[in-house]
K.L.:
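Dumping the structure here so I can ask a few things about it.
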Amino acid sequence: NFKKPEKAIEYRQSSFSMIAYNFGDMSKMLRKKKPMDAAVFKQRAENVAALAKLPLEAFIPGTYKGNTEALAKIDTKMADFEGKMKTFIKNSELLAQAANNNASHGQLKKAFGAVAKTCKSCHDAYKKD
Ligand code: ASC
């Protein structure tokens with residue numbers, strides 16, 4: 001129900017921007033670029049798990065021109081695209097669970113890496129380079 005294509009583009013870019021901010025901060029803590037703060041990490045992981053559910057509905061026909069790096073073939077490959085999004089959502093939830101269960105640094109890195117893989121697989125297939 002986006003009134004204009006630009007609104008859908010803006011919606012998904014806004015959600016990815018928030019995802020990237022929260023994801024990037026976890027990355028810094030895991031790579032020891034900043035001190036690990038378990039409470040902040042949990043919140044970041046929960047944020048990503050919640051935000052991950054948002055962008056899919058804004059990938060709709062007629063929104064692949066203009067200010068977007070999303071490729072138009074998403075339309076014709078929607079089942080695959082949606083599958084990749086669902087894997088991203090699932091792995092984000094697993095990361096949030098790990099954080100909430102006070103997983104070790106190594107376990108968090110592993111769960112984080114699984115999410116990062118889903119980011120990359122979708123970018124490789126469906127994002128302009
Ligand atoms: C990030 C970010 C991405 C992903 C990707 C993971 O922090 O901005 O797009 O991780 O690089 O491979």
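As the structure lists them, so they are numbered: ligands from 1, and atoms in each ligand from 1.
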K.L.:
For Tyr21 and Arg44, what are the C-alpha separation, side-chain angles and deciding distance, and is it a side chain to side chain contact (heavy atoms under 4.5 Å, CB included)?
P.N.:
CA-CA 9 Å; Tyr21 181 80; Arg44 299 278 181 226; 3.9 Å; yes
K.L.:
Let me confirm one number: the CD1-OG1 distance from Ile9 to Thr68, rounded to the nearest 0.5 Å.
P.N.:
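The OG1 atom of Thr68 is 5.0 Å from CD1 of Ile9, to the nearest 0.5 Å.
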K.L.:
Using a strict threshold of under 4.0 Å (side-chain N to carboxylate O), is an ion pair present between Lys4 and Glu10?
P.N.:
no
K.L.:
Listing by chain and number, which residues have a heavy atom under 4.0 Å from ligand 1?
P.N.:
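Lining ligand 1 at under 4.0 Å, by heavy atoms, one finds Phe23, Ala116, Cys119, Lys120, His123.
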K.L.:
Suppose the criterion is ring pair (Phe, Tyr, Trp, His ring centres under 6.0 Å): which pairs have a residue in residues 32-54, not counting sequence neighbours?
P.N.:
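For residues 32-54: none.
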K.L.:
I need the Lys42 NZ to Asn101 CG distance, nearest 0.5 Å.
P.N.:
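So the gap between those two atoms works out to 9.0 Å.
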K.L.:
Is there a donor-acceptor contact under 3.5 Å linking the side chains of Asp80 and Tyr126?
P.N.:
yes
